[in-house]
6 protein chains.
Amino acid sequence: MSLIQVINPNTSLAMTETIAQAARAVAAPGTEILAVSPSQGVPSIEGHFDEAIAAIGVLEQIKHGREQGVSGHVIACFGDPGLLAARELASGPVIGIAEAAMHTATLLATRFSIVTTLPRTLVIARHLLQQYGFTHHCAALHAIDLPVLALEDGSGLAQEKVRQRCIQAKREDGSGAIVLGCGGMATLAASLTQELGLPVIDGVSAAVKMVESLVALGFGTSKHGDLAWPLQKPLSGAFQHLN
Amino acid sequence: MSLIQVINPNTSLAMTETIAQAARAVAAPGTEILAVSPSQGVPSIEGHFDEAIAAIGVLEQIKHGREQGVSGHVIACFGDPGLLAARELASGPVIGIAEAAMHTATLLATRFSIVTTLPRTLVIARHLLQQYGFTHHCAALHAIDLPVLALEDGSGLAQEKVRQRCIQAKREDGSGAIVLGCGGMATLAASLTQELGLPVIDGVSAAVKMVESLVALGFGTSKHGDLAWPLQKPLSGAFQHLN
Amino acid sequence: MSLIQVINPNTSLAMTETIAQAARAVAAPGTEILAVSPSQGVPSIEGHFDEAIAAIGVLEQIKHGREQGVSGHVIACFGDPGLLAARELASGPVIGIAEAAMHTATLLATRFSIVTTLPRTLVIARHLLQQYGFTHHCAALHAIDLPVLALEDGSGLAQEKVRQRCIQAKREDGSGAIVLGCGGMATLAASLTQELGLPVIDGVSAAVKMVESLVALGFGTSKHGDLAWPLQKPLSGAFQHLN
Amino acid sequence: MSLIQVINPNTSLAMTETIAQAARAVAAPGTEILAVSPSQGVPSIEGHFDEAIAAIGVLEQIKHGREQGVSGHVIACFGDPGLLAARELASGPVIGIAEAAMHTATLLATRFSIVTTLPRTLVIARHLLQQYGFTHHCAALHAIDLPVLALEDGSGLAQEKVRQRCIQAKREDGSGAIVLGCGGMATLAASLTQELGLPVIDGVSAAVKMVESLVALGFGTSKHGDLAWPLQKPLSGAFQHLN
Amino acid sequence: MSLIQVINPNTSLAMTETIAQAARAVAAPGTEILAVSPSQGVPSIEGHFDEAIAAIGVLEQIKHGREQGVSGHVIACFGDPGLLAARELASGPVIGIAEAAMHTATLLATRFSIVTTLPRTLVIARHLLQQYGFTHHCAALHAIDLPVLALEDGSGLAQEKVRQRCIQAKREDGSGAIVLGCGGMATLAASLTQELGLPVIDGVSAAVKMVESLVALGFGTSKHGDLAWPLQKPLSGAFQHLN
Amino acid sequence: MSLIQVINPNTSLAMTETIAQAARAVAAPGTEILAVSPSQGVPSIEGHFDEAIAAIGVLEQIKHGREQGVSGHVIACFGDPGLLAARELASGPVIGIAEAAMHTATLLATRFSIVTTLPRTLVIARHLLQQYGFTHHCAALHAIDLPVLALEDGSGLAQEKVRQRCIQAKREDGSGAIVLGCGGMATLAASLTQELGLPVIDGVSAAVKMVESLVALGFGTSKHGDLAWPLQKPLSGAFQHLN
C-alpha cells in the first residue's frame with residue numbers, strides 16, 4: 001500500500017475535495033490518496049503574494065506527510081508554489097500540478113494551450129514554462145477572467161467559461177492539447193477531453209500518476225547537490241515547527 | 001490487462017532481451033510487456049544514418065502493435081528514432097526512452113548529466129535536449145567511447161566504464177541525477193542508483209511507467225493537429241505494408 | 001563539368017520535373033543537374049510519417065549519386081527529410097531546401113515569412129527553424145491549407161493561393177522576404193519576386209547554388225566527428241542495398 | 001528626506017549590520033537607510049527552503065515599511081527571496097540585490113562572473129540569471145564552499161577565500177566584472193574593486209542607488225497588471241498580520 | 001559637483017534641447033548636465049545607416065567629454081548607437097537610453113511594451129532586446145509611423161499619436177510598463193505616467209540616474225577585458241581627431 | 001561579366017592584397033573581383049571602437065561600388081562592421097565574412113570552432129553568433145593572442161599559431177569544422193583544410209561564392225521593410241559624400 005499526499009496549498013476545503021476526487025479517480029489500486037490543506041494561509045492563490053504564503057503551508061504539509069510515511073507528494077496549485085523548497089524537505093518525489101500537466105502535454109502533442117483563471121496569474125505560468133523548458137511548446141495562454149473560487153460557487157458559470165475557452169483554443173491555436181491551469185478545474189478534464197476530442201489535461205491526476213511512477217521506479221528527490229536536505233539551523237517564531 | 005509494446009529499434013536480440021528485462025522489472029501488476037524488434041534493419045544505432053533506417057522498423061512495429069491492440073508504445077533507443085512519425089501512426093501514447101529519462105531527471109534534480117556510448121552520438125542527445133526544452137537542465141554529456149554492442153559482449157567492460165563515468169560525473173558536474181544514454185544500459189540503473197546515492201535513470205523503465213500513466217489517465221496521442229493520422233496515400237515498394 | 005544530384009524525396013514524377021526545372025534554371029554553365037526520385041516511397045510528404053519513409057529514399061539516392069560521382073546533393077523537400085543521415089552517407093555537400101531557403105532569407109532581410117501547404121506541416125518548419133537557429137528571424141508562418149499535390153493538378157488554384165498568401169504576408173508581417181515552403185512551389189519564386197518587389201525564395205534553386213559554391217570552395221561534408229561515415233555494420237532485409 | 005528600507009531577509013543581526021553599513025556608505029545626502037530584519041525566520045539563507053521561509057519575513061517587513069512611509073525597499077539576500085510577492089505588496093520600488101548586481105554588471109562589462117558561498121546556492125543564481133535575461137552575460141559562477149555565516153565569524157577566512165576566488169575569476173573567466181553573491185560580502189566590494197582593477201559589485205549598494213533613482217524618477221512598482229495589489233482575502237493563522 | 005554628458009547623437013538642436021530638459025528635470029542637486037550633439041552627422045536617426053554615422057559623432061563627443069572631465073556619458077538615441085565603442089573610449093560609465101529604459105521597465109513590471117516612431121526602427125529595438133537579454137520581458141513593440149523629427153515640428157500631432165498608442169498598448173498588451181522608444185519623446189513620460197496610471201519610461205532621465213548611481217558607487221566602465229581602451233593605432237583622414 | 005566588390009574595412013593594403021588573393025582564387029569565370037579599402041580609417045580592427053570607424057569606410061566603399069555598377073559586396077572583416085547599414089545603402093547583396101563562414105560551417109558540420117586573433121575580439125564573435133542564430137552551433141572560440149597585423153609581418157609566426165590552435169581545436173572541441181576568425185587568415189584555409197582533414201573555413205572566399213549565388217538567383221538586398229534605402233536627409237560635415 002502506497003500513500004500519496006496531495007496538498008491543496010490553499011485553505012478552501014471545497015477545493016481540497018475537488019482535488020481529492022480527481023486524485024482518487026486515477027489512483028492505482030495500491031495507492032491511497034491523503035488529501036490535505038494547510039490549517040492557515042490563503043483561501044485561494046492568485047498572485048505571487050498568495051503563493052509566498054501558500055509555500056509555507058506546503059512545507060508544513062510536506063513535513064507532516066514525511067512523518068506519516070507517505071511515498072510522495074503532489075502540490076496541487078497551478079503555480080507549483082514552494083516546489084523546490086518542498087523538494088529539499090522531502091525524501092520522496094514532489095510534483096507540482098503545473099509541472100505535471102505541462103510535461104504530460106508535451107508527450108501527447110507538439111504544442112499545447114493553457115486555460116487558467118485570472119489574467120494576473122498568466123505571468124506565473126509563463127515563468128514556469130521558461131523554468132521547465134516548455135516556452136516553445138506552448139502555443140497560447142488564456143484566462144477566463146474569473147477568480148479561482150468562482151470554480152467552487154456551485155453556479156457552474158466558471159466551468160462553462162472554461163469549456164468555451166477550451167473550444168475556442170482548439171479552434172484558433174493550432175494546439176494538440178489543452179492544459180487546465182487551476183487545481184479547481186481538475187474534475188473537468190475527462191468530460192472536456194471527451195467533448196473536444198483532444199487531451200484536456202488536469203495536473204492533479206497527472207501528478208498522482210507521476211508520483212506513483214517515480215516511487216515504483218525506486219526514485220525519490222535527489223539528495224545529492226542543491227536539493228539536499230535543508231541545512232540544520234535554528235528556525236525561530238512561527239517557523240519553529242518546520243525544523 | 002494492459003499490453004505495452006516495447007520496441008527495440010535495432011535487430012540485436014540480446015539487446016531486446018536486456019530491454020525487456022528492464023521493462024518487466026517495473027511493469028505494474030496489470031501490465032504485460034510485449035518486447036519486439038524489427039525483422040530487418042541495423043544491429044545497433046550509432047548515428048543519424050542508423051536512426052533513419054531504424055525509424056522504419058519502429059513504424060512497422062507500431063503498426064503491428066496497434067493491430068495487436070496494445071495500449072501504448074515505447075521506443076527503446078536513446079535517440080528516440082522516428083518518435084513523431086510513430087505518434088502519427090499510433091492512437092495510444094508513444095514514449096521515447098531519451099524523452100522519458102530526461103523528463104524524469106528534471107523531476108528529481110535541478111540539473112542532470114548524461115552518460116552514453118560513442119562520442120558521435122552526443123549530437124543526437126544535444127538535439128533532443130533542445131527539442132524537448134532541457135538544454136539548460138543538462139550540466140554535461142559524457143561518452144565512454146565504446147560502441148553500443150560492447151554492452152552485449154559479456155565481458156562487463158562497457159558496464160564498468162559506464163560505472164566509472166557515472167562516478168566521475170557525480171564528482172565533477174554538480175548534477176543531482178544521471179541519465180543513462182543507451183537502451184543497452186537499462187539494467188544498470190538500479191545498482192548504480194544504489195551505489196552512487198543519486199538517481200541514475202534508465203529510460204526504458206521510465207518510459208514504461210509513463211505509458212502506463214498516460215493510459216490510466218485515458219490519454220492517447222493527440223489526433224488533433226499535426227500528430228493526426230498520416231494522410232492516406234499509396235505507399236509503394238518496400239513500404240506498402242505500412243499502409 | 002560538375003554534376004549535382006537533386007533528389008525529390010517523394011515519388012511524384014511531375015514534382016520531380018518541377019524541381020528539375022527550377023534547378024536547371026539557375027545552374028551555372030559548368031553544372032549538370034541530375035534530378036531523381038526514389039522508386040518507392042510516398043507520393044507526397046505532409047507529415048513526420050511521410051518524412052520517415054522518404055528519408056530512406058533519400059539515402060538510396062545519395063548512395064546512387066555517390067556511385068555516379070556527383071559533386072553534391074540537394075534534398076528537395078521543405079522538411080529536409082533525412083538531412084543529417086544523408087550527410088553521413090555523403091562525401092560531397094548535402095543541402096536541404098528548407099535550410100537553403102532559410103539561410104538565404106537571413107542574408108537578404110532581417111526577418112522573413114514562410115508560406116507552405118498544409119497546416120500540419122507547420123510544426124516541421126518550426127522545428128527546422130529552431131535546429132538551424134532561425135526562430136527569431138522568422139516573423140510568421142502561413143499555410144494555404146491545400147495538399148502538396150494540389151500544386152501539380154494543373155488547375156493553378158494552389159499557385160493562386162500561394163500568391164494571395166504571399167501578398168498578405170508582405171502587407172501584414174513586416175518581413176523583408178518570403179520563403180516558399182514546398183519543393184512544388186519552386187517555379188513560382190521568380191514571378192512572385194517580380195510582382196511583390198521583395199525576395200520570394202525557392203529553396204531548390206538556392207540549394208543548387210549552395211552546393212555549387214561549396215564544391216567550388218573545395219568543401220564536402222565534414223568526415224571528422226559526428227557526420228563521419230556510418231559505422232560498417234550488416235544491414236538486413238530491405239536495407240541491404242544501403243550498405 | 002527619503003527613507004529607504006533595506007531588508008535583511010535572515011535573522012542574523014550581525015549581517016543586518018554589515019548590510020546597513022554598505023547601504024549607508026553609498027546613500028545620497030537626502031536618503032536615510034532603515035535597515036531591518038524579520039523577528040522570526042532563518043539565521044542564514046542557503047537553499048530554497050530557507051528562501052521560502054525568508055520570503056514571509058520579507059513580506060512582513062515590506063508591510064511595516066509601507067506603514068512607516070518608506071519610499072522604496074531593498075531585499076538584501078542574493079537569491080532575491082519573495083521579490084515578486086514583495087512587489088505586489090509595495091507601492092514604491094522593490095529591488096533585490098542579485099538583480100541589482102547583475103543589472104549593474106551588464107552596464108560596465110560585456111560579461112561577468114559570480115562569486116558566492118555554498119555550491120548548493122549556485123542553482124538559485126542560475127535561475128535568476130535566466131529570469132532576468134542575463135544567462136548569456138554570465139561567464140562563470142564560483143562558490144567558495146563556506147556557509148553564509150562564515151562571513152560573520154570574525155576570522156576573515158571567508159573574506160580571504162572570496163578575495164582569492166575573485167583573483168582567480170579575473171584571470172580565468174575573461175570577465176570584465178565580478179558580482180559578489182551574498183549580502184554578507186557587501187563591505188568587500190570597494191577594496192576588491194581597488195585591488196583587482198575591475199568592478200567588483202555588491203548588490204546592496206547597487207540596489208540602494210537603484211531605489212533612489214527610481215524614486216527620483218517618480219516611479220513605483222507598476223500597479224497595472226500582474227504586480228497589482230494582492231487581492232483582498234482573509235489570511236488565516238500566522239499570516240493574519242500580513243493583511 | 002558631478003558633470004554628466006548627455007549626447008544627442010543627431011544634429012538636431014531642438015532635440016538636443018528636449019533631451020537636455022528631460023535630463024535636467026531629474027538630475028540630482030550635485031549633478032550638472034552637459035547636453036551636446038555632434039557638429040556633423042545626421043539630423044535624425046531612423047535606421048542602421050543613420051546609426052553608423054551617428055556613432056562617429058558619439059565617439060567624438062565621448063572624447064570631448066573625457067577631456068572636459070565629465071563623470072559619465074549618456075547616449076540619447078533609442079538605438080544606443082556606438083554604445084560598446086563608446087565604452088572602450090570612456091573611463092566613466094556610458095549608458096544608452098534604450099538600455100536604461102528597458103532595464104528600468106524590468107524593475108517595475110514583469111513585462112513591458114515599446115512605443116517608437118517609424119516601423120523600420122523596430123528591428124533595432126528587437127536586436128537590443130536580444131543583446132540586453134530582455135526579449136522575453138517585452139510583450140509588444142509599436143510604431144506610430146511618423147518620422148523622428150515630427151516630434152519637433154511643434155504641431156503636437158506626433159505627441160498625440162504616442163499618447164494614443166500608449167493607451168492602446170495598456171489596454172491590449174497586458175504590460176505593466178511602457179517604454180518610449182525615442183529621445184524626442186523624453187518630455188512626455190511624466191504626464192503619460194500620470195494619465196495612464198502605469199510607468200511610462202523615458203530613457204534619457206533613466207540613463208542620467210544610472211550614470212549618477214554608477215559614479216556614486218565608484219564604478220566606471222571596466223577596463224579589464226574587451227572594453228579596455230582602444231589599441232593605439234594611427235587613425236587616418238577624418239578620424240585623426242579621435243586618436 | 002559580374003563585378004563583386006570585396007571591401008577590406010581597414011586601411012592596411014597588405015591585408016587588402018591577402019583578401020583579394022583569397023577572393024580571386026575562388027571567383028567563377030564570369031566574376032571580376034574589385035578589392036578595395038577605405039582611404040581613411042584604422043589600419044586594423046580589434047574592438048568595437050575600431051569597428052565603428054571602419055563602418056564609415058565600408059559605407060563609402062558601398063556607395064562607390066554601387067556607382068561602379070558592382071553586382072554585390074563583401075565586407076571582409078570578421079566582425080562584419082556596418083553590415084546592416086551597408087545593406088540599407090546597397091541594392092545588391094552584402095555579405096560579411098563572419099556571416100559567410102559561420103553559415104558555411106553549419107552546412108558542413110553540426111558544430112564548429114572559431115580561431116581568431118586577440119581575446120578582446122571574442123565578444124564580437126559571440127554577439128554575431130547570437131545575432132545570426134548560431135550560438136548553439138559553436139562549440140568553442142579560441143584566440144591566438146596576437147594582433148591582426150601580426151598576420152602581415154612576414155614572419156609566419158601568427159600563421160603557425162593559427163595552425164597550432166586549429167590542430168588543438170580539432171582534438172579537443174569535438175567540432176566538425178573550424179572557422180578562421182580574421183580576413184588576414186584568408187589564404188590559410190586551403191592548406192589547413194588539407195592538413196587537418198576537416199573544413200577550415202575562410203569567410204572571404206565563402207562570401208564571394210554567396211554573393212555570386214545570390215546574384216545568379218536574381219536576389220539583391222530586400223528593399224521592403226527595415227533594410228530599405230536610408231531616408232533622404234542632409235548629412236553634414238565629413239559625411240556629406242555619403243548622401
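Labels below follow one simple rule: chain letters A, B, ... track the order of the sequence lines, proteins then strands, and each chain is numbered from 1.
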Note to self: Once you measure the plane-to-plane angle for F:Y132 and F:H103, does it fall in the parallel (<30°), tilted (30-60°) or perpendicular (>60°) bin?
What the structure shows: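 Aromatic pair F:Y132/F:H103 classed tilted.
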
Next item on the list: Using the six-membered ring wherever Trp is involved, compare the ring planes of F:H48 and F:H127 and label them parallel, tilted or perpendicular (cut-offs 30° and 60°).
Entry: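 Taking F:H127 first and then F:H48, their aromatic rings sit tilted (interplane angle of 30° to 60°).
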
With only heavy atoms counted, which part of [X] is less than 4.5 Å from chain F, the side chain, the backbone, both or neither?
| X | value |
| --- | --- |
| E:L59 | side chain |
| E:L89 | side chain |
| E:L118 | side chain |
| E:A86 | neither |
| E:I62 | neither |
| E:E46 | both |
| E:P234 | both |

Note to self: Would you compute the distance between atom NE2 of E:H73 and atom CZ of E:R66 and round it to the nearest 0.5 angstrom?
What the structure shows: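 The CZ atom of E:R66 is 8.0 Å from NE2 of E:H73, to the nearest 0.5 Å.
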
Next item on the list: First locate atom CD1 of E:I124, then atom CG of F:D226, and finally report the distance between them rounded to the nearest 0.5 Å.
Entry: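 So the CD1 of E:I124 and the CG of F:D226 are separated by 8.0 Å.
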
Next item on the list: For the pair F:K233 and E:D50, evaluate salt bridge (Lys or Arg N to Asp or Glu O under 4.0 Å) and give the outcome as yes or no after the intermediate values.
Entry: CA-CA 10 Å; F:K233 52 188 78 166; E:D50 296 348; 2.7 Å; yes

Cationic N near anionic O, under 4.0 Å, [X] to [Y]:
| X | Y | answer |
| --- | --- | --- |
| F:R120 | F:E51 | no |
| E:K63 | E:E88 | no |
| F:D145 | F:K161 | no |
| E:R165 | E:E172 | no |

Next item on the list: Among F:Q130, F:R87, F:Q131, single out the residue with the greatest number of heavy-atom pairs under 4.5 Å to chain E.
Entry: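 Counting heavy-atom pairs under 4.5 Å, the top option is F:Q130.
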
Check: Between F:P119, F:A55, F:G47, which residue shows the highest count of heavy-atom pairs closer than 4.5 Å to chain E?
Finding: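 Between F:P119, F:A55, F:G47, the count favours F:G47.
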
Note to self: Only heavy atoms, only distances under 4.5 angstrom. Which residues in residues 10-19 of chain F are near chain E?
What the structure shows: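 Listed by number, the contacting residues are F:T11.
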
Note to self: Could you tell me if F:Q164 and F:Q168 have a donor-acceptor pair between their side chains, going purely by distance under 3.5 Å?
What the structure shows: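 The answer is no; no qualifying pair exists.
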
Under a 4.5 Å heavy-atom cutoff, which of [options] has the most pairs with chain F?
| options | result |
| --- | --- |
| E:A238, E:S236, E:G237 | E:S236 |
| E:G41, E:S39, E:P38 | E:G41 |
| E:P81, E:S44, E:P147 | E:S44 |

Margin query: Taking E:E99's backbone N and O only, do any of them form a donor-acceptor pair with E:D80's side chain (distance below 3.5 Å, no angle check)?
Written below: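 A pair under 3.5 Å: yes.
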
Notebook entry, point to check: Is a side-chain donor or acceptor of E:D173 paired with a backbone partner of E:S175 at a separation under 3.5 angstrom?
Noted result: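 No: the side chain of E:D173 does not pair with the backbone of E:S175.
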
